[in-house]
There are 2 protein chains.
Amino acid sequence: MNIENLKTLFAQSGLKFTNQRYLVYRVMVEARDHPSAETVWRRVRGEAPAISLDTVYRTLASFEARGLVIRVPGNGEEGRFDGNPMPHHHLVCLSCGSIDDFTMPGAGLSDLPPAVASWGRVRDAQVLVRGVCGKCLGLSENNQPA
Amino acid sequence: MNIENLKTLFAQSGLKFTNQRYLVYRVMVEARDHPSAETVWRRVRGEAPAISLDTVYRTLASFEARGLVIRVPGNGEEGRFDGNPMPHHHLVCLSCGSIDDFTMPGAGLSDLPPAVASWGRVRDAQVLVRGVCGKCLGLSENNQPA
DNA sequence: GTAGATGCAAATTGTTTGCAAGAGA
DNA sequence: TCTCTTGCAAACAATTTGCATCTAC
């Protein structure tokens with residue numbers, strides 16, 4: 001997304017266009033690893049060393065409120081964010097905390113049972129798989145005594 | 001579950017049978033509202049006024065590690081726990097924080113796409129729906145100026 | 001010019017930990 | 001008895017907030 005489009009997007013969302021927001025947004029769109037606020041902060045500081053962590057928190061919160069980023073339902077640790085606007089599902093590693101995406105036909109918003117509609121208004125739906133990723137499984141194998 | 005069975009269950013899990021664990025377990029099995037640690041604490045204190053909050057945290061953590069309770073993937077607020085051992089899905093209200101259950105055929109462990117198996121070892125899988133529950137929708141309607 | 005955004009520091013909240021005393025097996 | 005568990009208080013980490021300054025519009 002070029003800068004003009006982004007200015008328009010921010011304006012439509014009622015957000016002023018600031019350098020901090022621009023950088024946070026760019027980091028989020030480029031990230032594939034569902035970074036935490038602090039991780040975003042570290043990345044953004046590469047280009048804006050003076051940005052403060054609370055600005056990153058505030059920026060992510062306002063993005064989330066406007067649907068520009070999504071908060072990944074994690075396992076109770078620190079909040080993780082996702083800049084990918086396409087609906088998708090998540091694999092959470094309980095060992096290293098990594099979060100990966102996957103897709104699954106038949107598990108979209110339109111596939112939810114009717115009972116959900118009577119519950120209230122749905123904002124998003126996803127499958128959340130928890131387990132231990134292959135990398136961590138390999139590590140624990142290597143740690144076994146020979 | 002009667003006390004003898006529970007003693008056996010704890011013993012099999014390598015847990016000593018203590019009054020605190022007994023009470024926490026009972027609260028969790030009876031709860032339908034996916035309580036937070038502090039909510040569990042408040043309920044348990046009805047019968048054991050001297051129990052401390054950190055004991056509840058430790059107890060829930062050891063139960064979770066042994067699969068006796070499940071941590072509900074929430075939205076970044078406080079941890080919520082579920083004593084229902086049957087696989088099921090969750091509806092999370094972003095307004096009041098309530099968590100409800102629902103069931104959905106075709107969204108169980110056996111329905112996950114093959115790509116998930118190559119990711120690693122799966123511990124559990126669930127559909128997580130976020131939105132605003134009917135009660136909160138009603139409240140916000142009532143709050144509208146006439 | 002004005003409302004909204006930022007940086008700093010302090011406060012808040014949820015959760016974990018060290019340690020000494022207590023209780024289950 | 002001996003290890004595991006508990007309570008207390010202190011420590012911790014993630015996130016939020018008050019306020020003065022600054023900036024986009």
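Within every chain, numbering begins at 1; the chains are lettered A, B, ... in the order of the sequence lines, protein sequences first and strands thereafter. Side-chain atoms are counted along with the backbone in the values below, which use heavy atoms only and exclude waters and symmetry mates. All values reported here derive from a predicted model rather than from experimental measurement.
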Of A:Val56 and B:Glu78, whose nearest nucleotide on DNA chain C comes first from the 5' end?
-> A:Val56

Nearest-nucleotide comparison on DNA chain C, the residue closer to the 5′ end among B:Glu77 and A:Thr59 = A:Thr59

Within the side chain of [X], is there an N or O that forms a donor-acceptor pair under 3.5 Å with the backbone of [Y]?
X	Y	answer
B:Trp41	B:Thr55	no
A:Glu77	A:Asn75	yes
B:Arg80	B:His34	yes
A:Arg71	A:Phe81	no

[X] [atom1] to [N] [atom2], straight-line distance once rounded to whole Å:
X	N	atom1	atom2	answer
A:Asn75	D:dA14	CG	P	15 Å
A:Glu64	D:dT15	CD	C1'	13 Å
B:Ile51	D:dC8	CD1	C1'	14 Å
A:Leu60	D:dT16	CG	C1'	14 Å
A:Gln20	D:dA24	CD	C1'	11 Å
B:Trp41	D:dG7	CH2	P	11 Å
B:Arg66	D:dC4	CZ	C1'	11 Å

Assess whether one donor atom and one acceptor atom, taken from the side chain of A:Lys16 and the base of D:dT23, lie less than 3.5 Å apart.
-> no

Judged by modelled atom types alone, do B:Asp101 and B:His90 share a side-chain donor-acceptor pair under 3.5 Å?
-> yes

Using only side-chain N and O atoms of A:Arg58, determine if any of them is under 4.0 Å from OP1 or OP2 of D:dT17.
-> no

With sugar-phosphate meaning primed atoms plus P, OP1 and OP2, does B:Ala50 contact a base, only sugar-phosphate, or nothing at under 4.0 Å between heavy atoms?
-> sugar-phosphate

Counting any heavy atom closer than 4.0 Å, what does A:Phe17 reach on the DNA or RNA strands: base, sugar-phosphate only, or nothing?
-> sugar-phosphate

Decide yes or no for A:Asp82 and A:His88: does some side-chain heavy atom of the first lie under 4.5 Å from some side-chain heavy atom of the second?
-> yes

Provide the start and end nucleotides, 5' to 3', of the part of DNA chain C that has atoms under 4.0 Å from heavy atoms of chain A.
-> C:dA3 to C:dA9

By nearest-heavy-atom nucleotide on DNA chain D, the more 5' of A:Glu38 and A:Asp54 is A:Glu38

Which residue pairs pass the ring pair (Phe, Tyr, Trp, His ring centres under 6.0 Å) test with at least one member in residues 58-80 of chain B, sequence neighbours excluded?
-> B:Phe10-B:Phe63, B:Tyr25-B:Phe63

